[in-house]
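A note on names: the letters A, B, ... follow the listed sequences, proteins ahead of strands, and every chain is numbered from 1.
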Amino acid sequence: MKQKNVFKIKIAGQAGQGIKSAGLLLAKFASRSGYFIYNYIEYPSLIRGGHNVMQINISDKVIRGPSRHTDFLIALNQESVNKHKNEFDECGYVLFDSDDHVNTEKLPSCVKLLPVPLGKLANEAGGKDLLSNTVALGVVAAMMSGSIETLKTLVKEEFGDKKTEVLESNYKALDLGYNFALENFAEIAKGIFKLSAVNGPKKMVINGDEAAALGAISAGLQFAAIYPMSPISNILHTLAQHQMEYGYVYKQPEDEISAINMAIGASFAGARSMTATSGGGFCLMTEGYGLAGITETPLVIVEGMRGGPATGLPTWSSQGDLQFILHAHQDEFPRIVLSAGDVEDAFYMTMEAFYIADKYQTPVVVLLDKNICDDEESVPVFDISAYRIDRGKFVAQHQESYKRYALAEDGISPRSIPGVGNFFISNSDEHDEIGFSSEEIDNRIAQMNKRMSKLETCAKNDMPEPVIYGPKDAELTIVSWGSSKGSILQALKNTTNVNYLHIGWMNPFPSEFVSSIIKNAKRTTIMECNYTGQLCNLILEKTGIEIKNKKLKFDGRPFYVEEVLEHIDELLEGETK
Amino acid sequence: MTKMTDLQTPFMPNWCPGCGNMPLWLAFKNAAVKQGWDNTNTAVVAGIGCHGHLVNFTKLTAFEGLHGRALPAATGIKIANNSLNVFVFTGDGDCFGEGGNHFIHACRRNHNLTVILHDNGLYALTTGQSSPITPHDAKTKSTPFGNPDEPFNPLVMAIASGATFVARAYASNMAQLTELMIKANQHNGFSFIDVLQPCETFNKQFTHPFFQENTYYLEESYDPTNREIALTRAREFDLKKIPLGIFYEEKKPAYEDQLGYLNGEILYKHGTQKRDMSSLFAKYI
């Protein structure tokens, strides 16, 4: 089934050819012209030479997920033609360097060829091969009837602080491509999706890593310690860049163990603190995870999932860490686990996580996955007007007879910090109300009850109900989490009798709500990117209900919109739409 | 003014009779009284091991974290509140076994911390196994036929890794230890005192008489500003002639001094007002 009103451009070539920046430029170009985009990126774990792909999906409606098919391929080398020749949705277009002896014989016969002397024009513009993709962008802009001026403005913003010659040669490369297309492809361009100027509200083009970083800064982040790791490194790049402007500290630690312990130390001393990592780094953090739990130290941990185990698939997607995050560490402590479904979630959930961590004085994990981390989406400009920086029960003055771990109905004791005259011990040993080590039975029971009761308080006061998208009375209910949300919602646009239950809170878990939805659904299926069905098992654990239809995928790629539609077709055979 | 009674908690030390932790702890309390370290200006961080119990007997706000991880926690505390005196108490197993990686990096980054190593040459709380400081051939519960491994030299490691104040003391010379703790605290940058102490229960080699017979003080003319000489003297650990005193001192900016953009404001008080994000959001439009 072909998606309606979506134009899909793929840029493919070698790592180091500037594919990511060209893709981002094209996405911003479409967004500035009033359209919505979804940028899906694939790359191997190396810096130069591997095959890189960026697919820019453009639509006049909100677009949320990656697709397997392409309408327009910009092939910067032969390998790109070979690899993607069978991905065309009906008939498409292939733009390639006419001087590069690209063999196009194996392409489907109806594919329209767009030979352009990319390298020659790039040289003419005064740049080397790196400008080839800029020439290609000029060609695309002309064929889509886009405004070359908008494109030039974006290039200027990108290279604003570089030398004028760089800017001039980029302008020239755009013009050469643009004019070449006007002269040579006027007829062939008629069938192509047009960027006729649409006036809409301004949108951001941003990925989940950047969104999480901006969420943290918006929430009043004061300290972050993050060790580099795919796919969350962009969080630390973004935080490192803006620390002086906003007056917080980003510190690169020696390892993930140090990262989490530094963040806990800073939080103990009163700073709003976070760390971020992927599954492998989180393995090293697990002891600190429980330390934050028993010392009742607020902490935000962003975990961006990738394929594992061990080094696994460093730059590919997975939803395989849910059960790990829910169970990591010995014995028990209250952990709050949130899972983002898209870029907007990455922003707003990270903000919320700081509020929740301070309020409940316990670690809060925000789960992302590689696709949320890396893929750009166009989203309404983030709105923080309703956000209030609330530190919870925070005692910043001297208080007589202060007790750090005073027993409390709601599980939340008054939290103080060193330097304000209140003696207490933030103690990783089991401890009494002041924090002195204690192995007494009654005290242990009282402190365990106090800590664990935070989850009930949190479920009652702060956990929202999950969202159901689509018609109430549907033939099929899809259940999922994480970035699969995007492809599922995109697929739902092509159906009328399917709805989607998205789960964002994993612990505490909205058991009653989920149970009643599944019980009342005509048919249910679950879609996840892992081998064992980790959300499926969590639902079984929490509700006693096993969802029998499962679509599981663990090949390192996310669900594409087409796969969701195929799955729906399989289940609703003959009665669909 | 800090009085000795201000530092008292309802608990008395639970260390074994003759334990080197006792004089070390008393020397620290003496220094606290002299310098006015109290709950308005000081935080104590401890690792896990016999030494870590001192948080229960010392009425100073403390963070007792994980085995080996005292230094990262202390680093976070110091960055969050640079106005605090931050003392790190750590053991030789804690600091150089589980925590070795953190130690070399904390030295390298020159955080303004005062690190006091309870160095008894083995793991005591887990009942007497070898530590990274246990001498070659020494018999312990984990090396019943003699330790096949060579020990670290904590001082050499600290100086080589970039620490800017490095000293060694014997726990029972409380007057000298108190003075060293004060100097270490006054030093701007990463300060490290290797405190030799007996474990009366498990270490039959490093006893009080052993330290009293085999240690001496660096001569008065010794110049602690020369790194090469400091390394040479630090290597004089032949179990017969062990030098004590300040081996190395270097003046250079601490890590925290490089956070000039905070304008001297304490980090946890910085940015508590809601930030104006509009210009940063605009970069993504």
If we define contacts as heavy-atom pairs under 4.5 Å, which of M204(A), H242(A), Q243(A), K203(A) has the most with chain B? M204(A)

Using non-hydrogen atoms and a 4.5 Å limit, figure out which bit of V381(A) sits close to chain B: side chain, backbone, both or neither. side chain

Shortest non-hydrogen pair, P418(A) vs A43(B), comes out as CB-CB, 4.0 Å

Any side-chain to backbone donor/acceptor pair from N234(A) onto E210(A)? Under 3.5 Å, distance only. no

If we ignore hydrogens and angles and just use 3.5 Å, is the side chain of Y246(A) paired with the main-chain N or O of D276(B) as donor and acceptor? yes

Considering the options F103(B), Y248(B), F165(B), which one meets the ring pair (Phe, Tyr, Trp, His ring centres under 6.0 Å) requirement together with F192(B)? F103(B)

Part of I260(A) lying under 4.5 Å from any heavy atom of chain B: neither

Residue of the set W15(B), F89(B), F11(B) for which ring pair (Phe, Tyr, Trp, His ring centres under 6.0 Å) holds with F57(B): W15(B)

Relative to the ring of F333(A), is the ring of Y289(A) parallel (under 30°), tilted (30 to 60°) or perpendicular (over 60°)? perpendicular

Strictly by modelled atom types, are E287(A) and H329(A) linked by a side-chain donor-acceptor pair under 3.5 Å? no

Return the option, out of V420(A), I294(A), I257(A), with the maximum number of heavy-atom pairs under 4.5 Å with chain B. I257(A)

Looking only at heavy atoms and a cut-off of under 4.5 Å, which of L259(B), L60(B), N81(B), T42(B) has the most pairs with chain A? L60(B)

Closest non-hydrogen contact found for F382(A) with Y348(A) is CA-OH, 3.4 Å

Between S378(A) and I37(A), is there a donor-acceptor pair closer than 3.5 Å when you use the side chain of the first and the backbone of the second? yes

The interface call for R109(B) against chain A, heavy-atom contacts under 4.5 Å, is side chain

Report yes or no: does H102(B) contribute a side-chain atom to a donor-acceptor pair with the main-chain N or O of A70(B) at less than 3.5 Å? no

Could you name the residues of residues 19-27 of chain B that have a heavy atom within less than 4.5 Å of a heavy atom in chain A? none

Between E376(A) and chain B, with a heavy-atom cut-off of 4.5 Å, which part of the residue counts as in contact: side chain, backbone, both or neither? neither

Option that, when pairs with chain A are counted at under 4.5 Å, heavy atom only, ranks first among T40(B), N56(B), I266(B): N56(B)

Toward chain B: residues of residues 264-274 of chain A with heavy atoms under 4.5 Å: I264(A), G265(A), A266(A), F268(A), A269(A), G270(A), A271(A)

Non-hydrogen atoms of chain A under 4.5 Å away: do they reach the side chain of L280(B), the backbone, both or neither? both

Could you check which of I77(B), I79(B), V45(B) has the highest count of heavy-atom pairs closer than 4.5 Å to chain A? I77(B)

Return the option, out of S218(A), S31(A), P253(A), with the maximum number of heavy-atom pairs under 4.5 Å with chain B. S218(A)

With a 4.0 Å cut-off on N to O distance, would you call E157(A) and K283(B) a salt bridge? no

Taking the side chain from Q222(A) and the backbone from Y268(B), do they hold a donor-acceptor pair closer than 3.5 Å? yes

Short question: side chain of N120(B), backbone of C199(B) - any donor-acceptor pair under 3.5 Å? no

What part of I104(B) lies closer than 4.5 angstrom to a heavy atom of chain A: side chain, backbone, both or neither? neither

Atom group of F347(A) that falls short of 4.5 Å from chain B, counting heavy atoms: side chain

Do K252(B) and D257(B) meet the salt-bridge criterion of a basic N to acidic O distance under 4.0 Å? no

Contact leader toward chain B among N261(A), L154(A), L24(A), where contacts are heavy-atom pairs under 4.5 Å: N261(A)

Distance under 6.0 Å and angle within 45° of ring axis: K251(A) vs F223(A): no

Go through the side-chain N and O atoms of Y38(A) and D375(A) and say whether any donor and acceptor fall under 3.5 Å apart. yes

Selection from A62(B), G68(B), A80(B) maximising heavy-atom pairs under 4.5 Å formed with chain A: A62(B)

